[in-house]
Amino acid sequence: MINIVLFGKPGAGKGTQAQFLKEKYNLTHISTGDVFRYNLSNNTELGQLAKTYMESGELVPDSLTIKMLEDEVDNHPNTSGFLFDGFPRTIAQAEALDKFLVKKGWEVTATIGLEANDDVLVQRILERGKTSGRVDDQDEAKIRTRYAEYNQKTSPLINYYSNQNKYYPIDGIGTIACITSRLSEVIDQL
Ligand code: ADP
């Protein structure tokens, strides 16, 4: 069982890299952003609760997000590992994930951070917004809200995982293939 947390600011390339890594290492990919968007477009109760937060670029409250994540994990009892993308994003979520995995006899194996500077990332998101159809990608004010949320609530996780010797930063600038191979180097030595 290996459980990898893919970590990085909005636009860092988590989703893109997850597509390669899940195939290569046979992992179950859980993207909380994708699960929320699925619920939004199907207008489920969860989607309705998450909508205003997501559309303004704020984090959805922990209680909702944690419950959703746990349900997703429970839906894959026979997997050989998870690739968490977009979760955890707060200390409360990280603590909940640790507790939840420990109960199953599992743990977070490693958190890999895709690092890149904000200017590059904002450009990437605006570019993606032209085709993604995501309202939170098309407006600089919403993108700025996502960065403010990241800085305030998510960045403390770097220390949280570093203190457990589980944080592996990698350079997130380069070609997609190049970054996949940097990620693979980390995973291969776990
Ligand atoms: P990003 O490109 O900003 O990394 P995601 O696709 O991962 O975007 O997430 C989109 C939105 O979904 C976030 O802005 C937030 O509203 C909500 N969301 C996703 N994951 C979480 C989480 N772990 N906790 C709270 N909200 C989340």
Side-chain angles (χ1 to χ4, degrees), residues 3-19 21-22 28-73 82-101 108 111-158 160-161 172 176 179 183:
N3 295 306
I4 309 280
V5 173
L6 259 189
F7 185 87
K9 294 175 181 171
K14 301 184 292 291
T16 304
Q17 293 301 328
Q19 296 311 318
L21 297 179
K22 71 175 187 191
T28 301
H29 174 215
I30 301 182
S31 157
T32 44
D34 287 350
V35 181
F36 277 131
R37 277 186 289 278
Y38 174 85
N39 279 277
L40 209 65
S41 60
N42 287 284
N43 202 24
T44 65
E45 197 184 336
L46 177 63
Q48 287 168 14
L49 291 168
K51 186 176 165 71
T52 46
Y53 300 101
M54 291 182 70
E55 289 185 346
S56 64
E58 287 171 41
L59 292 184
V60 177
D62 283 335
S63 54
L64 274 184
T65 309
I66 291 167
K67 169 81 172 63
M68 178 184 88
L69 188 279
E70 293 182 351
D71 288 346
E72 287 290 316
V73 169
F82 288 96
L83 184 59
F84 296 109
D85 161 6
F87 188 96
R89 259 170 149 119
T90 63
I91 294 282
Q93 291 178 13
E95 289 172 349
L97 180 63
D98 280 348
K99 262 197 215 144
F100 180 68
L101 293 179
V108 169
T111 296
I112 313 179
L114 290 171
E115 301 200 327
N117 78 46
D118 292 7
D119 295 343
V120 176
L121 298 182
V122 172
Q123 280 318 309
R124 277 191 197 170
I125 293 178
L126 286 169
E127 204 49 46
R128 178 173 80 183
K130 292 179 188 166
T131 54
S132 70
R134 283 177 55 172
V135 287
D136 62 342
D137 278 353
Q138 289 165 19
D139 174 329
E140 273 209 57
K142 288 173 183 168
I143 298 172
R144 268 201 298 279
T145 302
R146 282 151 69 193
Y147 279 82
E149 288 282 80
Y150 173 89
N151 287 330
Q152 192 196 337
K153 298 176 182 167
T154 308
S155 66
L157 292 178
I158 295 177
Y160 181 88
Y161 286 116
I176 291 175
I179 294 161
L183 284 159

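Since the structure is predicted, the reported quantities are computational estimates derived from the model, not experimental observations. Counting starts at 1 for both ligands and their atoms, following the listed order.
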Test item: Asp85 and Thr32 side chains (from C-beta on) under 4.5 Å apart, heavy atoms: no
Parallel, tilted or perpendicular: ring planes of Phe84 versus Phe82, cut at 30 and 60 degrees: parallel
Minimum side-chain heavy-atom gap Val5-Phe87 below 4.5 Å: no
Sorted by chain and number, the residues that approach ligand 1 to under 4.0 Å with a heavy atom: Pro10, Lys14, Thr32, Gly33, Phe36, Arg37, Met54, Glu58, Leu59, Val60, Thr65, Gly86, Phe87, Arg89, Gln93, Arg128, Arg134, Arg146
Donor-acceptor pair between Tyr160 and Asp98 side chains, under 3.5 angstrom: yes
Step-by-step side-chain hydrogen bond (donor to acceptor under 3.5 Å, both in side chains) determination, Gln17 to Lys14: CA-CA 5 Å; Gln17 293 301 328; Lys14 301 184 292 291; over 6 Å; no
Please tabulate, for the side chains in residues 112-121, all donor-acceptor contacts under 3.5 angstrom to protein atoms that are two or more places apart in sequence or on a different chain.
unit_1, atom_1, unit_2, atom_2, d
Asn117, OD1, Asp119, N, 3.1
Asn117, OD1, Val120, N, 3.2
Asp118, OD1, Lys9, NZ, 2.6

